[in-house]
Every structure is written in C-alpha cells, then in structure tokens.
Undergrad: 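Let me begin by handing over the structure; questions about it come next.
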Amino acid sequence: MQEHADGCHVTDTDGNTYIDYALGYGPLLLGHTPGPVLDAVRRALDLGLRTGGVTAGEAELAERVAECVPSAEVTTFLSSGTEAVQLALRIARSETARTRVVKFRGHYHGWADSMHVANAPGSDDPTTTGQDPLAAENVILLDWGDLKALNETLDDTIAAVITEPAAVNAGCFEPEPGFLEGLRRATTANGTMLIFDEIITGFRLGLGGAQGRYGVNPDLTVLGKALGAGLPISAVTGSRAAMRPVASGRMLHRGTYNGNPLSVASGNACLKQLANSADVLYPRMEAQVTRLAAGIREAAERLAAPVHVNHVGTCLQVFVSPSPVERLTDTIGLDKEAVLELSGLLVERGVMTLPRGLMYLSVEHTEADIDDTIWAFESALDAFTHGTTN
Ligand SMILES: Cc1ncc(COP(=O)(O)O)c(C=O)c1O
C-alpha cells in the first residue's frame, strides 16, 4: 500500500521505497511531486472549487494544446480517457452522418462497452462480463497494420477509424513504416474521420505526441493521462472543420466535471514545463529508456532468461517469451502469469512496474535510478530463471 511519494520514488506503509515505473498508469510524466504543478493547483484551490463553469484557464489550456499538438486547433475538455473516446466517436458520427467504426485488435480505447472488445489479441470478445453484447454491433475489428483489409472494409457507412498511433497497450509497437500514412490516405478518400487515441502517447512520445513523431495528422485526437500530470482531465482536439459539431453546438457534449479548474490548472502548469524544456527532457528520457532496454536485454541474454523488451518513446514493455515479440500478433498466447511473477520479483527488489510488464519513464528518473533498475532486473531475472536470489 503506497503511503507517500517523491519524484519517481514511492514509499509504502512499511517504509519500503520503490523506483516507480507504473506512474499512476502513465499520467505522472513529471513524477509524483512536480513543484510548478502542485503550486498551480494550490493557487487554483485558493480561488474556490468553481467546478461546472467556464474559466479562463480552459482557454489557455486549449491554446497550449494547439501549440504542442500538430493537428489541434479546437479543443474541448473532459475528465477521463474513456469519456473522451466516446466524444470523439460521437463527433465523427455527427459530422459524417454515418454509424460504423473500425477498431484494431489489441488496442485499448477505454472501458465503455462499445470499445471494450478485442483488447487481448486473439479474442474479439467483450473484455469483461457484464458488458452489453450489442453495444459493439457497429464496431468492425481489423488487424493493425493490415491496410488491404482496411481498404476492403471502408465504405459509406464508416464514420471513423480509431487507432493508438503507436500500440503501447499491446506491447509498445511502433506503426509499420507507411501504415499511418496509408490510414490517412484511405480515410480521407472515403470521407471517414481518422481518430488517434493519444491518451498514452500524447506528450509522452514527444511534445507533439505520436502525430508529431510520425508526421501524420488525424482529424481528431484524444488526449488524457500526461495532459493532467496526475489530475483527472482528458481532451478531444482537432481541426476547426473536424470539431464543427462541438463548436457549432449542434451536437451535445455533456459532463458535470468537464474543464474542472483544478485539473485545468494542473494541465497548464504541466504543458508549460514540458514546452519550456522539451528539447532537453525528451531526448534524455528516451536515452534512459534505450539504456534500460539494453541493460535488460544484456542481462536476459547472459542469464538465458526468456525475456524480451520493446520500447517506444518513454514507454517500455517487458515480455516473457522464448523469442522476440516483433508484431502485435506475436503477443497471442504469451504467458501473462509469468510476467506477473517477474513484476513481483522486481517489487521485492525495489522496482515497481505495471503488473503486465509496461514501464513508463518520468522526467524525475535519474541515471542512478536506471543503474539500480538494471541491477534489480539482473537479480530478478536470475531468480525467475534459475530460482536463485542475490
Ligand atoms: C490508449 C488509451 N485510451 C483510452 C484509455 C482510457 O482512459 P481512462 O482510463 O482515463 O478512461 C486508456 C487508459 O489506459 C488508454 O491507454
């Protein structure tokens, strides 16, 4: 149980301290205690809770998003990523007067029934019991990277294609060269809106997110996680034309906590800090991820451990697999229990990852943290593979 945190370190109720790579499921790109963010939230608190109204901070945050994210002109704010995905789909349906949506297998777009299907590669089913089996009736599932299937599927019933532009949830896969460009061309030609779900990749794969990194602009972008630096906020952004249904008021966009002033204050402070030092922060974090990945690979090879890693931007995925995991479909049938066991061994050695092996970097991780983490991996992999402890 976590008691308090400082930078990228978390201390539990027994006084044990861990290097944190779970980072609250990703939002804590600036770590747990970013001074400017905490100060901004305290200042906002002093003005009263003010939820439910429009504040100047919202306009400022929309401007900051437009400065960072290449395709952003008009932005609207919500509280969670799940909600923002639903809003993006509604905008696409409103704008195109079409109903069906293409989703890719293994991608995650939140827990609402219509999108909470085919999250695990190898199964097209709803992800949990209790989901409405009819909610995803208008969702067409395709394999990520298969432009031929996409081109055969697109017709005048398809409002949107939604994708994680880099498949972080499925295991930190970059798009194949030309795939995002192909998606862009095919959707434009078909009058279908292209939605990038940048809930993870936004501000994580660079200030401009995945679209900045790969140079492909979607019609609509969904943002969350790092945007709020730990407070709950999400956004849908896009060109003026794409955001017409919201801006014109012809489509309803509801939500009691939309644009909550505390979250907006946090978002403004976060984007200000990232924009001011992007040239230093992103290359440093990516170099650290690359060094960490190399250290884990080297240890796995030396210890003959069946462990492989992928990384993209500031995200790294550990797999327990006899061979490299190069494509999303390579994850079908991988041993999830083994990854859970490895993450438990890492916790015993002072390193917290997400239990499924996903690790996020923050600006607070130091070279010493990376050294300590590589050491923890060496020891954990030894115990995992040979049952030894050191
Ligand atoms: C790519 C992606 N989309 C959407 C979501 C849903 O966001 P939230 O958990 O804030 O509802 C997540 C959450 O992890 C995500 O990774």
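For ligands, and for the atoms within them, numbers begin at 1 and follow the listed sequence. What you see is a predicted model; the values in this text were computed from it and never measured.
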Undergrad: If we count only N and O atoms by modelled type, under 3.5 Å, do the side chains of D197 and H107 hold a donor and an acceptor together?
TA: no
Undergrad: Assess, by modelled atom type and distance only, whether the side chains of T17 and T11 contain a donor and an acceptor separated by less than 3.5 Å.
TA: yes
Undergrad: Going by side-chain heavy atoms closer than 4.5 Å, which hydrophobic residues are tied to V85, directly or by a chain of links?
TA: V74, L78, L87, L89, I91, V101, M115, V117, V139, L141, I162, M193, I195, I199, L220, V222, V236, M243, V246, M251
Undergrad: Are more than 12 heavy atoms from other residues, nucleotides or ligands located less than 6.0 Å from atom CG of L134?
TA: yes
Undergrad: In a simple table, one pair per line, please give the protein and ligand 1 atom names for every N or O pair closer than 3.5 Å, along with the distance.
TA:
unit_1, atom_1, unit_2, atom_2, d
ligand 1, 3 (N), Y108, O, 3.3
ligand 1, 3 (N), D197, OD1, 3.2
ligand 1, 3 (N), D197, OD2, 2.6
ligand 1, 10 (O), G81, N, 2.8
ligand 1, 11 (O), G81, N, 3.3
ligand 1, 11 (O), T82, N, 2.8
ligand 1, 11 (O), T82, OG1, 2.6
ligand 1, 14 (O), K225, NZ, 2.9
ligand 1, 16 (O), N169, ND2, 2.9

Undergrad: Are E298 and R302 within salt-bridge range, i.e. N to O under 4.0 Å?
TA: yes
Undergrad: More than 12 foreign heavy atoms under 6.0 Å from CZ of R90: is that the case here?
TA: no
